[in-house]
Peer 1: 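Shown below is the structure under consideration.
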2 protein chains.
Amino acid sequence: MPGPIQSIERAAAILRLLARGSGRLGVGEIAESLELAKGTAHGILRTLQGVGFVEQDKDSGKYQLGAALLHLGTSYLDVNELRSRAINWADALAARSGEAVRIGAPLEGRVLVVHHVFRPDDSLQTLDVGTLLPLHATALGKVLLAFDAALVASLRGGELEAYTRRTLASPTAVKRALAKVREAGWAGELGEMTPGEAGIAAPIRGHGGIVVGALGISGAVERLCDPDGSPKATLLGYVRDAARAVSRDLGASRW
Amino acid sequence: MPGPIQSIERAAAILRLLARGSGRLGVGEIAESLELAKGTAHGILRTLQGVGFVEQDKDSGKYQLGAALLHLGTSYLDVNELRSRAINWADALAARSGEAVRIGAPLEGRVLVVHHVFRPDDSLQTLDVGTLLPLHATALGKVLLAFDAALVASLRGGELEAYTRRTLASPTAVKRALAKVREAGWAGELGEMTPGEAGIAAPIRGHGGIVVGALGISGAVERLCDPDGSPKATLLGYVRDAARAVSRDLGASRW
DNA sequence: CGGGGTGTTCGACATTGTCGAATCGCAGCC
DNA sequence: GGCTGCGATTCGACAATGTCGAACACCCCG
């Protein structure tokens with residue numbers, strides 16, 4: 001059995017590289033980052049440009065992601081079953097809880113937001129669909145970690161960035177937190193990603209009970225938590241109910 | 001000078017194929033559509049699956065677009081200068097006009113929506129970012145066609161689908177309409193894409209005056225047009241003002 | 001239980017992708 | 001205005017890879 005096709009893997013690596021940081025890189029930078037010959041990198045970039053996956057700035061010569069990816073990304077949402085099943089429950093949860101709702105699934109060692117319902121008020125909010133959130137510092141992420149040993153194994157200690165003073169930044173602390181999540185069946189997060197913001201999430205299960213995603217709300221600590229820091233029981237109940245409903249829709253039994 | 005890398009082009013073709021229609025296809029269907037050997041198609045799919053660009057349904061064996069594309073698509077939005085420059089003007093235009101605002105750029109012979117501001121009311125709306133709209137049946141598309149001869153050349157008569165009874169479905173009709181758009185400097189659309197809905201759009205120019213995108217509003221005919229079917233002068237003015245402002249931000253002079 | 005259809009695997013080999021070296025283009029500096 | 005340096009681009013030899021026909025595996029249906 002032959003392995004994967006090298007040039008396609010390399011092309012994908014270039015696209016992922018361009019999705020990080022400034023998003024604009026020269027041929028030399030790309031070649032160096034991926035340890036490729038400049039001619040090789042250039043050939044791949046020329047082809048990616050031809051198919052619209054990459055664009056080159058005429059002035060600086062730098063490359064960046066191309067427009068064709070936007071359509072592909074959006075088309076992915078159309079076929080994503082987790083999202084299809086969860087949309088209505090997420091809308092209902094936002095209305096019921098009065099908070100922003102997000103649905104996440106694991107991707108590249110982080111949480112990919114596949115659906116985002118704004119908090120139903122007039123505040124200025126930005127859409128998170130498509131963004132990658134850290135696993136260890138979000139309620140969604142902790143849920144995904146708690147029920148996926150392989151995901152935990154892929155998490156390296158060096159990657160436990162401290163976003164705030166409350167972020168769990170040691171493997172031991174994360175491990176302990178995950179045990180509690182497994183026991184409780186939900187995860188909370190209190191000012192660990194953003195100061196003053198809290199989150200509550202519950203697992204979404206698919207066939208056979210495997211956790212395929214997480215559903216959660218987030219908002220100001222004062223609105224989501226009791227003075228002692230624990231999540232408000234009513235909100236927690238809403239989140240778990242919605243997650244269970246989505247799970248049933250996905251074919252999970254008895255969750 | 002060697003040509004593009006065949007396997008990368010083929011991989012891109014597979015992804016585009018999966019972005020159409022049902023979005024789920026088997027190896028045989030993909031091989032047949034792209035005139036590839038089944039082994040070849042399978043090898044490419046296996047690699048795309050490995051990098052997260054494709055997923056395979058365990059039950060049916062069908063392939064579909066993968067989660068990694070969502071993140072790449074969203075990252076594209078972050079580096080898209082047209083969108084970056086236009087966001088605030090689009091928000092302002094939505095508030096000012098009370099209608100939905102969209103920004104589009106050409107992609108694969110259609111209009112790619114790169115930004116969408118909802119009509120500022122409580123009505124249920126779906127986000128169009130990432131979707132592809134037809135060129136001939138939308139105000140955005142007519143603007144892009146009017147100022148891009150190559151785009152017109154790529155448009156085939158057979159592709160002029162009649163979405164409503166008012167859609168311009170013949171090359172002659174489209175050509176005449178585009179001449180008027182060039183002369184007027186904006187495009188309108190009246191029930192040609194969706195019955196009862198109208199659109200008004202103006203060109204966004206970049207360096208050297210080249211049209212790089214279009215900015216437009218859309219809504220019910222009664223709100224956008226006078227009884228005689230022409231766009232309301234105030235709304236048209238708002239659209240042109242906003243498009244000009246974005247153009248200036250993009251470095252176009254004297255537009 | 002057998003047949004049909006689809007996904008997957010294998011290995012020969014022809015074609016392609018890789019990469020070192022050279023060239024081109026452009027900007028900045030003297 | 002010319003030269004230098006740096007980054008993008010091109011080229012062609014050739015080794016490595018991607019392709020594809022054939023066979024196999026699996027599953028569903030009659």
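These numbers were taken from a predicted model, which means no experiment stands behind them. Only heavy atoms go into these numbers, but all of them, side chains included; no hydrogens, no water, no symmetry mates. Numbered from 1 within each chain, the chains take letters A, B, ... in sequence-line order.
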Peer 1: Just to be sure I understand the rule, does G39(A) reach a base, reach only the sugar-phosphate, or reach nothing, if contact means heavy atoms closer than 4.0 Å?
Peer 2: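 Counting heavy atoms under 4.0 Å across all strands, the contact made by G39(A) includes a base.
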
Peer 1: Can a side chain N or O of H42(A) be found less than 4.0 Å away from OP1 or OP2 on dA8(D)?
Peer 2: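 Answer no for this pair, as no side-chain N or O of H42(A) is under 4.0 Å from OP1 or OP2.
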
Peer 1: Tell me which of S60(B) and L36(A) sits closer to the 5' end of DNA chain C, going by the nucleotide each one is nearest to.
Peer 2: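 Here S60(B) is the residue nearer the 5' end.
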
Peer 1: Output yes when at least one side-chain N/O atom of Q6(B) is less than 4.0 Å from OP1 or OP2 of dT19(D), else no.
Peer 2: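 For Q6(B), the contact criterion (side-chain N or O under 4.0 Å from OP1 or OP2 of dT19(D)) is met.
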
Peer 1: Think Q56(B) has a side-chain N or O under 4.0 angstrom from the OP1 or OP2 of dT8(C)?
Peer 2: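 Result: yes.
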
Peer 1: Strictly below 4.0 Å: does T40(A) bring a side-chain N or O up to OP1 or OP2 of dC19(C)?
Peer 2: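 Yes.
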
Peer 1: Measure from NZ on K58(B) to C1' on dC26(D) and round the result to the nearest Å.
Peer 2: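 In whole Å, dC26(D) C1' and K58(B) NZ are 17 Å from each other.
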
Peer 1: Evaluate the side-chain proximity of R205(B) to L250(B): yes if any heavy-atom separation is below 4.5 Å, no if none is.
Peer 2: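 Result no, sub-4.5 Å side-chain heavy-atom pair not found.
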
Peer 1: Send over the distance from I8(B) CD1 to dT16(C) C1', rounded to a whole Å.
Peer 2: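 Those two atoms, CD1 and C1', are 12 Å apart.
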
Peer 1: I want to check one thing: is the phosphate of dG18(D), taken as OP1 and OP2, less than 4.0 Å away from some side-chain N or O of S7(A)?
Peer 2: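 True: S7(A) side-chain N/O within range (under 4.0 Å) of dG18(D) OP1/OP2.
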
Peer 1: Report yes if at least one side-chain N or O of R10(A) is closer than 4.0 Å to OP1 or OP2 of dT18(C); otherwise report no.
Peer 2: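 For R10(A), the contact criterion (side-chain N or O under 4.0 Å from OP1 or OP2 of dT18(C)) is met.
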
Peer 1: Rounded to whole angstroms, how far apart are CG on D59(A) and P on dG7(D)?
Peer 2: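 Result: 17 Å.
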
Peer 1: How many Å lie between CZ on R46(B) and C1' on dG7(C), as a whole number?
Peer 2: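 Going from CZ in R46(B) over to C1' in dG7(C) covers 12 Å.
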
Peer 1: Side-chain contact test, heavy atoms from C-beta onward, threshold under 4.5 Å: evaluate it for Y63(B) versus H42(B) and give yes or no.
Peer 2: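 Yes - at least one pair of side-chain heavy atoms lies under 4.5 Å apart.
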
Peer 1: Can you measure from CD1 (I8(B)) to CZ (R46(A)) and round to the nearest 0.5 angstrom?
Peer 2: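 The CD1 atom of I8(B) sits 10.0 Å away from the CZ atom of R46(A).
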
Peer 1: Considering only heavy atoms and no angle criterion, is a donor-acceptor pair shorter than 3.5 Å present between the side chain of K38(B) and the base of dG7(C)?
Peer 2: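 Looking at the base of dG7(C), it does pair with a donor or acceptor on the side chain of K38(B) (distance under 3.5 Å).
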
Peer 1: Roughly, in whole Å, what's the span from CD1 in I44(B) to C1' in dG7(C)?
Peer 2: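 Interatomic distance, CD1 of I44(B) to C1' of dG7(C): 16 Å.
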
Peer 1: Whole angstroms only, please: what is the CD1-P distance between I5(A) and dC20(D)?
Peer 2: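 To the nearest whole Å, that distance equals 11 Å.
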
Peer 1: Just N and O in the side chain of Y63(B): are any of them under 4.0 Å from OP1 or OP2 of dT8(C)?
Peer 2: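 For dT8(C), OP1 or OP2 has a side-chain N or O of Y63(B) closer than 4.0 Å.
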
Peer 1: For S60(A), which residues count as a side-chain hydrogen bond (donor to acceptor under 3.5 Å, both in side chains) partner, sequence neighbours excluded?
Peer 2: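 Partners of S60(A) under the side-chain hydrogen bond (donor to acceptor under 3.5 Å, both in side chains) test: D57(A).
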
Peer 1: Using whole Å, report how far CD of E29(A) lies from C1' of dG7(D).
Peer 2: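 Rounded to the whole Å, the gap is 10 Å.
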
Peer 1: Would you call K38(B) and E32(B) a salt bridge, taking side-chain N to carboxylate O under 4.0 Å as the test?
Peer 2: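 The answer is no: the pair does not qualify as a salt bridge.
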
Peer 1: Rounding to a whole Å, what distance do you find between L48(A):CG and dT9(D):P?
Peer 2: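 Going from L48(A) (CG) to dT9(D) (P), I get 14 Å.
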
